[in-house]
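Notes for the one structure printed next.
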Amino acid sequence: MRVLGIETSCDETAVAIVEAAADDRPVGRILANVVYSQLTEHRRFGGVVPEIAARAHLERLDGLVADALAEAKLGLSDLDGIAATGGPGLIGGVMVGVMTAKAMAFAHDKPFLAVNHLEGHALSVRLTEEVTFPYLLLLVSGGHCQLLTVRGPGDFTRLGTTIDDAVGECFDKTAKLLNLGFPGGPAVEKAALGGDPQRFQLPRPMWRKPGCDFSFSGLKTAVRQTIEKLPAGDAKAISDLCASFQRTVGDVLADRCANALARAPATTLVVAGGVAANLYLRGRLETLAAQHGARLVAPPVKLCTDNGAMIAWAGLERLRLGQTDPLDFRPRPRWPLDMGVESRT
Ligand code: KG4
Ligand code: ZN
């Protein structure tokens with residue numbers, strides 16, 4: 001079984017083709033994976049501009065589909081399904097991806113799959129690792145920070161979420177205030193290398209409180225206030241602050257995951273989403289999981305940030321279960337993961 005996946009919900013135009021492993025192993029294989037990152041389009045604005053993103057998706061998508069098919073040495077008739085991110089995300093971009101996928105599905109008489117972007121992140125680990133359901137998922141990206149029990153495609157229970165900002169947003173804001181560039185996560189991680197993680201004591205919102213919710217706005221404010229007091233051009237202080245910031249985020253994530261593991265015991269903790277690319281945070285979560293008799297599994301770094309392979313894979317997982325979508329599926333700017341399959345109409 002082979003599925004082509006399109007991702008256009010933010011600032012990456014991405015197309016991939018994946019197939020289920022030929023043997024019985026519950027993993028897949030990536031036959032093609034192409035990404036056009038719109039960094040240069042958005043950099044001078046310091047963030048993603050929705051209209052510019054939608055136009056860039058429109059200009060690039062056809063070419064990327066052709067590139068992916070060429071890389072996989074396949075034609076559209078060799079595919080078993082066409083998937084696209086159906087939401088949540090910037091609606092102009094989502095519409096571009098959905099319309100393109102629907103047109104290809106209609107013209108070649110293939111099933112169409114509207115994939116929830118968050119489900120793409122949630123299942124991505126199963127593309128490369130043998131991870132069976134159920135598992136506990138920490139989903140950390142630019143727009144989301146959630147803890148969920150994943151029982152299967154379309155079958156999620158949310159244990160907690162952020163009551164204000166997402167953790168990736170907090171990384172991006174910190175990088176912007178320190179002039180480290182955009183996107184901020186990788187820049188902060190790099191600046192933190194060799195820094196003193198104990199130098200700055202920052203607030204840890206929700207830490208040691210009951211439940212599994214998150215909050216990052218107080219940390220964001222404290223980082224801004226700390227930066228305002230730093231002497232200009234002090235590279236050591238910047239490095240120390242980034243390391244202290246990362247440690248603080250690590251403390252909070254580990255504390256929340258510990259509560260989730262106590263409430264919904266699991267043998268596997270999965271971390272996914274753009275922030276899961278952070279090796280320091282992975283290390284912290286690995287230790288935490290081991291303390292609870294669980295193992296931590298994360299997708300390869302390249303598959304943590306937005307990509308087409310995770311959309312193709314989630315589409316394939318749903319296609320195997322016979323869950324396809326009608327061609328009148330409407331792109332949705334908001335689409336919570338725990339609404340279930342019935343939320344598709
Ligand atoms: O999953 P993603 O590509 O897009 C969304 O669905 O939001 O996540 C993007 C977020 C950005 O906030 C980015 O700064 C963050 O993931 N990120 C990282 C790292 N790489 C990307 N955060 C921390 N450390 C990283 N290495
Ligand atoms: Zn994402």
Side-chain angles (χ1 to χ4, degrees), residues 5-14 16 33 35-39 42-43 46-48 50 53 84-91 93-94 97 115-125 137-146 161-162 165-178 180-193 195 214 216 219-220 223 242-243 245-250 252-253 270-285 298-314 333-337:
I6 294 174
E7 159 57 34
T8 53
S9 69
C10 194
D11 59 342
E12 323 274 0
T13 318
N33 191 20
V35 182
Y36 170 72
S37 191
Q38 303 174 2
L39 274 182
H42 302 288
R43 183 169 276 133
V48 179
T85 296
L90 301 175
I91 196 65
V94 175
V115 170
N116 182 320
H117 178 86
L118 303 175
E119 181 160 32
H121 281 303
L123 302 180
S124 61
V125 73
L137 170 72
L138 173 66
L139 177 51
V140 274
S141 71
H144 299 270
C145 185
Q146 307 184 359
T161 186
T162 178
D165 302 325
V167 60
E169 201 182 325
C170 209
F171 269 93
D172 293 335
K173 186 76 188 185
T174 301
K176 195 170 177 177
L177 290 167
L178 289 169
L180 295 177
F182 168 84
V188 169
E189 181 172 18
K190 195 163 156 225
L193 291 173
F214 302 83
F216 290 101
L219 173 60
K220 219 164 82 173
V223 167
C242 287
F245 167 77
Q246 266 190 173
R247 176 188 49 89
T248 308
V249 171
V252 172
L253 295 183
V270 171
V271 62
V275 181
N278 188 293
L279 298 182
Y280 168 80
L281 294 177
R282 283 186 190 221
R284 290 292 306 268
L285 295 168
V301 168
K302 208 170 109 194
L303 295 184
C304 287
T305 46
D306 291 350
N307 62 85
M310 69 183 196
I311 302 304
W313 179 253
R334 286 177 218 293
W335 187 357
L337 253 191

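As the structure lists them, so they are numbered: ligands from 1, and atoms in each ligand from 1. Since we're looking at a predicted model, the values are computed, not measured. What's counted below: heavy atoms across the whole structure, side chains too, no hydrogens, waters or symmetry copies. For this chain, numbers begin at 1 and follow the sequence in order.
Near T305, with a cut-off below 4.0 Å to any heavy atom, the atoms of ligand 1 are 3 (O), 21 (C). Heavy-atom contacts of G168 reach the following atoms of ligand 1: 12 (O) (cutoff under 4.0 Å). In summary, the atoms of ligand 1 found under 4.0 Å from a heavy atom of H121, numbered by their order in the structure, are 1 (O), 6 (O). Annotation for ligand 1: atoms under 4.0 Å from non-hydrogen atoms of G143 are 7 (O).
No side-chain donor-acceptor contact under 3.5 Å links D172 to the backbone of P183. Checking side-chain atoms of E12 against main-chain N and O of V35 turns up no donor-acceptor pair under 3.5 Å. Judged by distance alone, the side chain of T8 and the main-chain N or O of G93 form a donor-acceptor pair under 3.5 Å.
Here H144 has no heavy atoms under 4.0 Å from ligand 1, in either its backbone or its side chain. When heavy-atom distances to ligand 1 are checked against a 4.0 Å cut-off, D172 comes that close only through its side chain, counted from C-beta outward.
Residue, atom and distance of the protein heavy atom nearest to atom 22 (N) of ligand 1 are G185 CA, 3.3 Å. Atom 6 (O) of ligand 1 has its closest protein heavy atom at H117 NE2, 3.1 Å. At the top of the distance list for atom 24 (N) of ligand 1, counting protein heavy atoms only, stands N278 ND2, 3.1 Å. Scanning the protein heavy atoms around atom 2 (P) of ligand 1, the nearest turns out to be D306 OD1, 3.2 Å. In this structure, the protein non-hydrogen atom closest to atom 26 (N) of ligand 1 is E189 OE1, 2.7 Å.
Between E12 and ligand 1 there is no heavy-atom distance shorter than 4.0 Å. Heavy atoms of P186 approach ligand 1 to within less than 4.0 angstrom.
Here the closest heavy-atom approach between residue C242 and residue A191 is recorded as SG-CB, 3.8 Å. Across every non-hydrogen atom of P336 and N116, the tightest pair is O-ND2, 4.0 Å. Residues W335 and L118 come closest through the heavy atom pair O-CD1, 4.2 Å.
If you look at D306 and ask which of its N, O or S atoms sits nearest the Zn ion (ligand 2), the answer is OD1.
Taking 4.5 Å as the limit, every side-chain heavy atom of L219 sits out of range of all side-chain heavy atoms of T174. Side-chain contact between K220 and E169 is present, with heavy atoms from C-beta onward closer than 4.5 Å. Taking the side chain as every heavy atom from C-beta outward, C170 and D165 never approach each other to under 4.5 Å.
The number of heavy atoms from other shown groups lying within 6.0 Å of NZ (K173) does not exceed 12.
Comparing heavy-atom distances from atom 7 (O) of ligand 1 across S9, A187, G142 singles out G142 as nearest. Checking A276, G274, G273 against atom 16 (O) of ligand 1, the nearest heavy atom belongs to G274.
Rounded to 10°, the angle formed at the Zn ion (ligand 2) by NE2 of H117 and NE2 of H121 is 100°.
Ring planes of H117 and H121: perpendicular class, angle over 60° (limits at 30 and 60°).
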